[in-house]
2 protein chains.
Amino acid sequence: MTPQRIGVYRYLLENRTHPTVETVYQALKADSPSLSKTTIYNTVDTLTDAGLIRVIRVGEGEARLDGEIIDHGHFFCRVCGNVYDFDLDNCHLPQSLPGFRMEGFDVHVAGVCAACAEKD
Amino acid sequence: MTPQRIGVYRYLLENRTHPTVETVYQALKADSPSLSKTTIYNTVDTLTDAGLIRVIRVGEGEARLDGEIIDHGHFFCRVCGNVYDFDLDNCHLPQSLPGFRMEGFDVHVAGVCAACAEKD
DNA sequence: TATTATGATGTAAAGATTACAACATGGATG
DNA sequence: CATCCATGTTGTAATCTTTACATCATAATA
């Protein structure tokens with residue numbers, strides 16, 4: 001665990017906004033100007049392999065980072081681009097895949113969030 | 001509807017393997033050598049907007065195309081890279097997002113498929 | 001202190017997708 | 001039938017995200 005890795009992890013724990021790598025990079029660079037974006041990518045790999053964070057890809061564009069690893073769904077607003085969490089109370093893993101080893105699980109819903117829907 | 005669009009749509013209806021844009025391009029270019037990959041991208045946009053096909057992003061790398069639009073889940077094998085469909089019998093959209101307009105719905109499961117798990 | 005292993009940095013490359021301009025086509029209109 | 005216009009296609013170039021790789025820094029160890 002290096003200062004850079006701790007910085008990325010702390011940022012993701014404190015900012016539950018599903019930021020992109022670029023967002024994290026810009027935020028942390030303010031404090032440590034020598035930070036490299038490659039380090040962010042490497043750190044994301046390391047933290048993902050360690051099971052501490054998750055990488056989600058929803059909609060187009062960049063990957064989003066998520067410090068919450070408990071199963072939950074992601075709502076992607078196609079207007080503002082924000083990602084919102086939601087519970088998965090009534091959704092369970094399928095039993096219909098014999099012999100398949102399931103390791104990760106994510107539910108993606110796309111649409112328009114409440115804030116953007118109101119503006120119409 | 002042009003020959004190119006019909007070709008892409010037919011290919012996706014007949015090949016339920018969640019091919020990439022590149023795969024579709026290579027397959028169709030055999031019959032019509034003048035085909036451009038840009039046309040595939042444009043056509044995918046057109047067909048997606050028309051609600052005829054879906055674009056799924058699961059795991060890393062390229063987008064995968066899917067001619068099946070009825071709700072179903074996608075299992076991504078991290079070993080062979082194949083994408084498998086599964087039913088969503090016991091998974092329903094969450095009711096916990098008031099004011100949100102839900103338009104699309106996808107369940108992603110990552111892991112190792114039966115064929116690859118057997119080889120261990 | 002010298003050595004070694006690991007991580008960080010920055011540049012360059014790769015890969016996927018999009019933007020854009022030129023060309024082709026087909027239908028509508030006079 | 002000729003012309004015009006709108007739409008679609010093509011190919012190149014640019015963009016954007018991510019990765020590869022070589023170099024530098026650092027910390028632990030012998």
Review item, nucleotides 12-14 of chain D N/O atoms under 3.5 Å of protein N/O:
from: D/dT12; atom 1: O4; to: B/T38; atom 2: OG1; distance (Å): 3.4

Residue B/T39, side-chain heavy atoms: nucleotide from C/dT9, D/dT10, C/dT17 that is nearest: D/dT10
Could you tell me how far apart A/E62 (CD) and C/dA16 (C1') are, to the nearest whole angstrom? 14 Å
Integer-rounded Å distance: D/dT10 P and B/I40 CD1: 9 Å
Would you say the side chain of B/H74 lies within less than 4.5 Å of the side chain of B/D106, judging by non-hydrogen atoms? yes
Quick one, which residues of residues 2-25 of chain B touch DNA chain D with a heavy atom under 4.0 Å? B/T2, B/Q4, B/R5
Min side-chain heavy-atom separation A/L35-A/I40 under 4.5 Å: yes
If we only count heavy atoms from C-beta on, is the A/V83 to A/F75 side-chain gap below 4.5 Å? no
Between B/R54 and B/E68, does at least one N-O distance fall below 4.0 Å, as a salt bridge requires? no
Interatomic distance, A/M1 CE vs C/dG7 P [rounded to whole Å]: 10 Å
Determine, stepwise, if the pair A/T46 / A/T43 fulfils side-chain hydrogen bond (donor to acceptor under 3.5 Å, both in side chains). CA-CA 5 Å; A/T46 305; A/T43 299; 5.7 Å; no
Given the rule that I, L, V, M, F, W and Y join up when any side-chain heavy atoms are under 4.5 Å apart, are A/V107 and B/V55 in one cluster? no
Contact check, side chains of B/F100 and A/V112, non-hydrogen atoms, under 4.5 Å: no
Expressed as a whole number of angstroms, how long is the span from A/D45:CG to D/dA20:P? 9 Å
From NZ of B/K37 across to P of C/dA16 the rounded distance in Å is 7 Å
For A/R64 and D/dT17, is the shortest distance between a side-chain N/O and OP1 or OP2 below 4.0 Å? no
Using side-chain heavy atoms (C-beta onward) and a distance below 4.5 Å, is B/Y11 in contact with B/L28? yes
Expressed in angstrom and rounded to an integer, what is the separation of A/K29 atom NZ from C/dA8 atom C1'? 16 Å
Verify the cluster assignment for A/L65 and A/I56: are they in a single hydrophobic cluster under the rule of side-chain heavy atoms below 4.5 Å apart? no
Pair B/D66, B/H72: side-chain N/O donor-acceptor within cut-off below 3.5 Å: yes
Separation of D/dT23 atom C1' from A/N42 atom CG, nearest Å, is 14 Å
How sharply is the helix from C/dT1-D/dA30 to C/dG30-D/dC1 bent, taking the axes over five pairs at either end and rounding to 10 degrees? 0°
Considering only NZ, NE, NH1 and NH2 on the basic side and carboxylate oxygens on the acidic side, decide whether B/R57 and B/E62 come within less than 4.0 Å. no
Please determine whether a side-chain nitrogen or oxygen atom of B/Y41 lies at a distance below 4.0 Å from atom OP1 or OP2 of C/dT18. no
